[in-house]
Amino acid sequence: MSGPTHGVGRYRRLYINPETVFGTDPSGYPVAADALRLISASVSGKRPRISRPDANGTAGKDGSIAQKGTVEVQVESFFLNSGAAATAADWADLLITCCGFTATASTNTTVSGGSSTTTVVNVADASVTSVGGCVTISGELRLVTAIDTASSPETITVTPALASAPSASVAVTGGIAYAPNSDSDTTPSSATIWLGNNAELVKVTGAFASSFSVGLGGTEAGRLPVTLTGKTFAILYAGQLSAAINNSVTTVPVDNSDMVPDDVSVTNPYYFTVSPGLAVEEFIKVTGKAGNDLTVVRSSPSGSPSAHLDNAVIEPYQPAPTWAGSPVPATSGNAILASVVTRTESSSYAVDLGRQPEENVHGSEWVVDGYSNGMRTVTPTIEAYSDNTTAAHRVRDSFNREHIQAFTQQGEATGAVIAAICQKLYPEVPDFAFSEEDMKWTITGEAITVAIGGEDEVIFMHG
């Protein structure tokens with residue numbers, strides 16, 4: 001990557017490489033296809049130590065005992081569309097590999113005949129979707145709650161109800177629905193996360209989410225902030241060659257080899273770019289270091305070997321990301337509470353995954369070595385204007401401890417629609433605040449599963 005020789009915020013990058021084995025880097029380097037456009041991110045990595053308490057006759061502390069390391073990550077991105085209804089958005093890796101959600105994809109069909117209702121839609125082929133999937137009909141993204149392939153015509157049942165019954169031959173476009181998965185700890189879902197700019201790169205392995213939320217409405221595009229815990233982290237940074245090299249040597253001299261983490265080895269390599277942005281740019285795999293000499297494999301993971309000048313820049317390898325989609329603004333879409341369109345200002349769907357880290361496993365220099373799933377807590381918060389009668393009815397529902405359905409859709413163009421739904425939300429009685437401003441009800445509470453054993457307290461959809 002070309003740019004200043006120091007870290008610059010506009011170069012910030014995030015790559016999420018799904019792991020098949022918890023805490024094991026799947027590739028050794030960031031992968032372009034796993035990039036996610038980033039609003040902000042932070043990494044808090046600690047490598048603590050304590051002094052020895054057995055002082056020998058003086059008041060000064062001496063000695064050092066290494067403690068186990070920890071790492072926490074905060075990431076925020078836009079809740080992007082992908083540009084294509086049945087194509088996963090870039091944030092799918094976060095939801096699936098880090099948050100443990102499952103994806104249900106649907107494909108396309110059409111409305112069959114003219115006798116559909118707003119909830120039961122006659123279709124040419126109901127097998128294109130399944131219960132828990134989602135479809136878009138005339139710009140409305142809906143959850144599929146039942147299918148019937150035996151009837152004639154075949155039918156799908158959707159929720160919430162459509163604004164009007166669809167006509168014959170109207171397109172029914174498949175999308176992707178993401179739902180929680182209690183079994184995501186059977187083989188712990190995790191990722192290696194790479195965060196960096198042109199000068200530094202932080203590698204976090206065994207990253208899994210403890211909580212996240214989806215924010216919709218207001219003046220902003222949809223947002224996705226995620227809090228993660230990692231197993232290990234390493235820091236790579238930029239430096240310079242201390243002498244010119246030809247296109248074949250495998251020992252590369254640098255000003256300071258500390259730019260490469262000390263745990264580098266043949267089985268744990270690190271990847272760098274030499275002469276970034278120049279015609280002779282080359283990628284190298286570092287497999288060891290001795291003094292200020294690096295042992296490398298040339299032109300790896302790709303490219304051709306080149307000669308490089310003394311003082312040539314060498315920086316952590318970061319491929320050009322392959323991004324897709326764009327933010328979905330709040331200028332279209334709607335919110336539906338208890339099956340009635342409601343005027344709202346903003347909506348958020350917060351998910352505490354209730355995960356319990358497996359900590360302090362003997363023999364590891366890191367605190368976390370896995371996790372078990374605990375009880376999830378899903379908390380929607382929807383701020384509704386009180387001039388809508390339906391909002392007042394929701395206050396009555398909360399007072400009577402009755403559950404409602406909460407749904408928010410953002411966008412209307414096929415391929416650029418996102419939505420969230422909680423089918424069984426028990427709202428809390430809101431606080432009553434009277435002032436000169438327009439009065440709003442804050443509808444919040446806990447969402448639970450539709451049926452015992454369900455995995456549907458909240459479902460996020462892209463269509």
Side-chain angles (χ1 to χ4, degrees), residues 1-5 7-8 10-21 24-38 87-88 90 92-93 97 191-205 207 234-254 257 259-261 263-289 293-324:
M1 179 191 298
S2 59
T5 57
V8 178
R10 69 179 185 271
Y11 287 108
R12 60 188 181 275
R13 288 183 174 178
L14 168 67
Y15 305 83
I16 306 163
N17 295 2
E19 296 176 349
T20 55
V21 177
T24 301
D25 179 11
S27 60
Y29 52 85
V31 176
D34 291 327
L36 172 62
R37 295 190 72 160
L38 187 63
T87 300
D90 290 337
D93 279 341
T97 65
T192 293
I193 289 180
W194 300 87
L195 280 162
N197 53 42
N198 58 308
E200 294 88 22
L201 185 65
V202 177
K203 170 189 175 184
V204 177
T205 65
I235 304 170
L236 298 72
Y237 52 91
Q240 293 180 310
L241 299 184
S242 61
I245 60 173
N246 61 27
N247 63 357
S248 61
V249 297
T250 56
T251 298
V252 173
V254 294
S257 67
M259 59 189 292
V260 180
D263 62 354
V264 62
S265 67
V266 172
T267 56
N268 186 47
Y270 290 96
Y271 292 76
F272 284 78
T273 303
V274 187
S275 302
L278 303 180
V280 293
E281 178 181 84
E282 179 184 354
F283 308 134
I284 60 172
K285 177 169 72 172
V286 180
T287 59
K289 64 179 184 178
D293 289 335
L294 307 180
T295 302
V296 307
V297 176
R298 303 297 295 267
S299 58
S300 179
S302 63
S304 301
S306 302
H308 301 277
L309 300 175
D310 184 16
N311 295 322
V313 172
I314 175 171
E315 66 184 26
Y317 169 70
Q318 298 175 67
T322 53
W323 288 315

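Contacts classified as salt bridge (charged side-chain N to carboxylate O under 4.0 Å, His left out) and involving residues 242-253 (residues at least two apart or in different chains) are not found. Pairs engaging residues 300-322 under the ring-ring contact (aromatic ring centres under 6.0 Å, His included) rule: Y29-Y317, F283-Y317 [sequence neighbours left out].
Remark: L38 engages R12, L14, A41, V75, L195 in a side-chain contact (heavy atoms from CB on, under 4.5 Å) (not counting sequence neighbours). Scanning for side-chain contact (heavy atoms from CB on, under 4.5 Å) contacts around P269 gives Y271, K285, T287, with sequence neighbours left out. Every residue was checked against the salt bridge (charged side-chain N to carboxylate O under 4.0 Å, His left out) condition with D90, not counting sequence neighbours, and none meets it. Considering only residues two or more places apart in sequence or on other chains, E282 meets the salt bridge (charged side-chain N to carboxylate O under 4.0 Å, His left out) condition with R298. Contacts of S248 classified as side-chain hydrogen bond (donor to acceptor under 3.5 Å, both in side chains), with partners at least two apart in sequence or in another chain: N246. Not counting sequence neighbours, R37 has no partner by the salt bridge (charged side-chain N to carboxylate O under 4.0 Å, His left out) test. Remark: T192 pairs with E19 by the side-chain hydrogen bond (donor to acceptor under 3.5 Å, both in side chains) rule, at least two apart or across chains. For P253, the side-chain contact (heavy atoms from CB on, under 4.5 Å) partners at least two apart in sequence or on another chain are S242, A243, I245, D293. Remark: S265 pairs with T267, N268 by the side-chain contact (heavy atoms from CB on, under 4.5 Å) rule, at least two apart or across chains. Partners of T322 by side-chain hydrogen bond (donor to acceptor under 3.5 Å, both in side chains), not counting sequence neighbours: none found.
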### Task
Would you please test V254 and V260 for side-chain contact (heavy atoms from CB on, under 4.5 Å) and show each step?
CA-CA 10 Å; V254 294; V260 180; over 6 Å; no
- Task: Given side-chain contact (heavy atoms from CB on, under 4.5 Å), test Y15 with V31 step by step and report yes or no.
- Result: CA-CA 7 Å; Y15 305 83; V31 176; 5.8 Å; no
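Taking CD from Q240 and OG from S275, the interatomic distance works out to 10.5 Å, rounded to the nearest 0.5 Å.
Heavy-atom neighbours of L278 CG from other residues, nucleotides or ligands within 6.0 Å: above the threshold of 12.
In this structure, the side chain of R13 engages the main chain of P319 through a donor-acceptor pair within 3.5 Å.
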